[in-house]
Peer 1: 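If you scroll down you'll find the structure; I have some questions about it.
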Protein chains: 2
Amino acid sequence: MAVRLKDIARDLGVSVVTVSKVLRGNADIGEETRKRVLKRMKELNYQPNMMARGLASGRTFTVGLIVPDLVHPFFAEFAKSLGGVLRTRQNALLLASSEEDPEVELQEIRTLLSRGVDVLIIASCQANLRNFYELGDKRTPYLLFDRNFPHLAAHFVGSDDVQVGEIATQHLIDLGRKRIAHIGGKGTSPAFDRLRGYRNALHANNLPSPTNYAVAYEKTEESGDTIGFQAMQQLLRLSPPPDAVFCYNDLTAIGAIDATLQAGLRVPEDIAFIGCGNLRYANYLRVPLSSVDHNTTELGRLAGEFALELSTDPEQSPRSILTPSHVVARASSIGTTPEKPTR
Amino acid sequence: MAVRLKDIARDLGVSVVTVSKVLRGNADIGEETRKRVLKRMKELNYQPNMMARGLASGRTFTVGLIVPDLVHPFFAEFAKSLGGVLRTRQNALLLASSEEDPEVELQEIRTLLSRGVDVLIIASCQANLRNFYELGDKRTPYLLFDRNFPHLAAHFVGSDDVQVGEIATQHLIDLGRKRIAHIGGKGTSPAFDRLRGYRNALHANNLPSPTNYAVAYEKTEESGDTIGFQAMQQLLRLSPPPDAVFCYNDLTAIGAIDATLQAGLRVPEDIAFIGCGNLRYANYLRVPLSSVDHNTTELGRLAGEFALELSTDPEQSPRSILTPSHVVARASSIGTTPEKPTR
DNA sequence: ACAATCGGCGTTCGCGCTAAAGTAGAATAA
DNA sequence: TTATTCTACTTTAGCGCGAACGCCGATTGT
């Protein structure tokens, strides 16, 4: 087995607790003893057994994260950034994916709780709040991200999605577009809020917002390209068709642009597009894609700080952190590719 | 606190061990008692405390995974697939990212071991084998993936990268190309093996393989586009320049194609390209990109099965599982985009 | 009839660690 | 002096579980 406190204590002729105290930086140990213990720990390459520590102390220095889809660049980047913050503070990340399935999500919540995570960060794929009631009677604090439940008093970290909808739409308006459509998502707070932002912007500029210009689909995250393609075909049949489209995400935009080009129209001359997410490859697409960047790395960092705070002090009143997003303009809206690739 | 075995035992007037035995499906419990216990477990929504179980039994039903980069689609997809397999078998996934930094990797190995993972799966970013010596004296079995150390007798799961190099190069040869270059990676086994496959294919077809046609760079994973761009500019200065290029990955290919187009050449008429990884967006790029698909989901599944096997039976002699890859041809090599998007 | 067996359950112990409560001796205070 | 307070430790008592073993009454075999 690995080295235990007991081994170090035996070697040095002190008690296990003394060694444990040195490990945790407890004040009431003499300088002499502390040095001897630390020296021996290094020599033996001691690593504390977190299970034992967790059992005894109730803290595991582990944060749980549940995302709907690991492959999605947004969640992957968030997880990466979060993991970086946790690592510098000696915490581990226990990561699970719910595959956009509420049943799986529930199971993963159980799994993580049974592993004793100190905090649970979750982008829930649920419509209702069932799973969180179950969380309620536990001691583990949780932190929602990306997807919020307005009626649940919970900690939250995410983009300001109303603002996302506003700046994306405003960008199209600023380019002189008048008939702006929206291909949106369904059933999640970002989808809802971006739609609201879209409407806000149209209203603020006295532009019409015909109801058939705003369409909403499910599964925009997994198969956005197909959905964008179909949705755009639908929008193209309207008369007049839109001259600009704000898409829920980049994949949707890619599909929508595809449909537009196949219909013999030009992008952005006939129809301009903007997506969300600022995909890594946005600049290398057939039509380089304008997009709203969510500053995901910063989001992950903030979530990490917040989570660590919650793990030392779980009893805080609910707090929301919203980060601002910004538009990255490329050919799909402004028509000329910038000299330098923009990220 | 959460429900414990003790609570159930008290409620039913039996001993804790009896309840524990029911939980684990131990044979020597009467049908009557078993039913009562299971019923009460459901009522109280009992979840075993994995830390306690881990301490007492030495098994945690947790698999650790360390990848160099979570955001990389290959690793993300692998992790997703692996996590799926583990979930169906009641195992959890403890995920860490080494950020391509051997120091971080070492720290993450320690972290995961101190959490008592039953198996450690790792795509190491190390050149030497230092970290694994440390692993050696522990009891935890480990499973390398993607990146192998030929001189280390270890379990391995990954693509057959020699074959990857061969089929990619053969694809270009089959299209009639004669001057085939390779923009490769550096310092990892896939980079080395793909280069070997490339050479094999050229040799088997009696084609020349000038040494300055095979270039190798580091950091191809993180900033492949930039590297591909620069590498291609270099290759274009040769005389004669190549008429086809096999790129280490898709991002490199994207950069290389960019350089080619900027030089006023046509893809694939003047130069054909093939990458590796079969990026989700490969079909939507300026030039839809031909690529080698690694069947990552299957790879993750196999790794999951292997890991579970190792966790129940750690003392196996080293075994390697290599999965075959296949070419997905798109415009960057064959010149015409297929009707249906191919994935 | 009596040992041998077996199904069904309980007891004991300890995994590696920490929180809390000692304790012995030295220093300080009244 | 004698009580008080520190300092630097040690002892005790679990955290929630599982492995190993123990035990008791009922059945079986001869």
Side-chain angles (χ1 to χ4, degrees), chain A residues 1-38 41 44-62 90 110 113-118 138-140 312, chain B residues 1-38 41 44-62 90 110 113-118 138-140 312:
Chain A
M1 280 296 281
V3 185
R4 296 150 306 168
L5 288 187
K6 194 196 287 185
D7 302 318
I8 294 171
R10 182 185 7 81
D11 292 358
L12 267 46
V14 296
S15 83
V16 171
V17 174
T18 302
V19 182
S20 168
K21 283 181 174 174
V22 171
L23 182 63
R24 288 171 290 137
N26 194 308
D28 88 338
I29 297 293
E31 199 47 45
E32 175 75 10
T33 314
R34 154 174 272 104
K35 275 183 183 153
R36 286 173 61 222
V37 170
L38 288 175
M41 278 186 177
L44 297 182
N45 190 25
Y46 171 76
Q47 285 299 117
N49 180 323
M50 292 316 241
M51 293 181 285
R53 175 178 282 184
L55 248 200
S57 72
R59 284 202 55 188
T60 57
F61 299 90
T62 304
Q90 326 293 343
R110 288 217 186 91
L113 289 179
S114 77
R115 255 84 183 173
V117 296
D118 293 332
K138 314 268 184 174
R139 298 270 175 275
T140 313
T312 49
Chain B
M1 280 298 281
V3 185
R4 295 151 305 170
L5 288 187
K6 193 195 289 185
D7 302 318
I8 295 170
R10 185 190 357 87
D11 292 0
L12 266 48
V14 296
S15 82
V16 173
V17 175
T18 303
V19 183
S20 169
K21 283 179 176 173
V22 172
L23 181 65
R24 287 171 292 138
N26 194 311
D28 78 354
I29 297 293
E31 199 48 45
E32 174 73 11
T33 314
R34 153 176 273 102
K35 275 182 183 156
R36 287 173 57 224
V37 169
L38 288 175
M41 277 185 178
L44 297 182
N45 190 25
Y46 171 76
Q47 286 298 118
N49 179 322
M50 290 316 225
M51 292 181 286
R53 176 177 281 185
L55 248 198
S57 73
R59 284 201 55 187
T60 57
F61 300 90
T62 304
Q90 326 295 342
R110 288 215 186 92
L113 290 179
S114 76
R115 256 84 182 173
V117 295
D118 294 332
K138 315 268 183 174
R139 299 268 174 274
T140 313
T312 49

Peer 1: List the steps, then state whether side chain to side chain contact (heavy atoms under 4.5 Å, CB included) holds for V3(B) with N45(B).
Peer 2: CA-CA 8 Å; V3(B) 185; N45(B) 190 25; over 6 Å; no
Peer 1: Kindly compute the distance separating CD (Q47(A)) from CZ (R4(A)), expressed to the nearest 0.5 Å.
Peer 2: 15.0 Å
Peer 1: How long is the span from the NZ atom in K21(A) to the OG atom in S15(A), to the nearest 0.5 Å?
Peer 2: 7.5 Å
Peer 1: Rounded to the nearest Å, what distance is computed from the CZ atom of residue R59(A) to the P atom of nucleotide dA19(C)?
Peer 2: 10 Å
Peer 1: Taking atom types as modelled, is there a side-chain donor on R115(A) or T62(A) under 3.5 Å from an acceptor on the other?
Peer 2: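 The criterion, which ignores hydrogens and geometry beyond distance, is not satisfied for T62(A) and R115(A).
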Peer 1: Assess whether side chain to side chain contact (heavy atoms under 4.5 Å, CB included) is satisfied between M50(B) and T60(B), documenting all intermediate values.
Peer 2: CA-CA 6 Å; M50(B) 290 316 225; T60(B) 57; 5.9 Å; no
Peer 1: Search all heavy atoms of M51(B) against all heavy atoms of G54(A) and return the closest pair with its distance.
Peer 2: SD-CA, 3.7 Å
Peer 1: Starting from P on dT10(D), measure out to CG on N26(A) and report it in whole angstrom.
Peer 2: 13 Å
Peer 1: Any residue in residues 29-36 of chain B with a heavy atom nearer than 4.0 angstrom to DNA chain C? Just list them by number, or reply none.
Peer 2: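 I29(B), G30(B), T33(B), in order of number.
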Peer 1: Evaluate side chain to side chain donor-acceptor pair (under 3.5 Å) for R24(A) paired with S20(A), printing each intermediate quantity in order.
Peer 2: CA-CA 6 Å; R24(A) 288 171 290 137; S20(A) 168; 2.8 Å; yes
Peer 1: With rounding to the nearest 0.5 angstrom, report the CZ to CD1 distance, R36(A) to I8(A).
Peer 2: 12.0 Å
Peer 1: Here's a test of your reading of the structure: between L55(A) and A27(B), which maps to the more 5' nucleotide of DNA chain C?
Peer 2: A27(B)
Peer 1: First locate atom CG of D11(B), then atom CE of M41(B), and finally report the distance between them rounded to the nearest 0.5 Å.
Peer 2: 11.5 Å
Peer 1: To the nearest 10°, give me the bend of the helix from dA1(C)-dT30(D) to dA30(C)-dT1(D), comparing the axes of its five terminal pairs at either end.
Peer 2: 50°
Peer 1: Measure CE/M50(A) against C1'/dG16(D) and give the value in whole Å, please.
Peer 2: 18 Å
Peer 1: Applying the side chain to side chain contact (heavy atoms under 4.5 Å, CB included) criterion to T18(A), which one of T33(A), L5(A), L23(A), N26(A) satisfies it?
Peer 2: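 Filter result, single survivor: T33(A).
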Peer 1: Over how many whole Å does the gap from L12(A) atom CG to dC9(D) atom C1' extend?
Peer 2: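 Spelled out: CG on L12(A) to C1' on dC9(D) is 14 Å.
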Peer 1: Determine whether V19(A) and K6(A) satisfy the following criterion, side chain to side chain contact (heavy atoms under 4.5 Å, CB included), listing intermediate values before the conclusion.
Peer 2: CA-CA 8 Å; V19(A) 182; K6(A) 194 196 287 185; over 6 Å; no
Peer 1: Return the polar atom pairs (N/O with N/O) between nucleotides 18-24 of chain D and the protein under 3.5 Å, or none.
Peer 2:
| from | atom 1 | to | atom 2 | distance (Å) |
| --- | --- | --- | --- | --- |
| dG18(D) | OP1 | R53(B) | NE | 2.7 |
| dG18(D) | OP1 | R53(B) | NH2 | 3.1 |
| dG18(D) | OP2 | S20(B) | OG | 2.5 |
| dA19(D) | OP2 | R24(B) | NH1 | 2.4 |

Peer 1: Could you check how far NZ of K6(B) sits from P of dG16(D), rounded to whole Å?
Peer 2: 6 Å
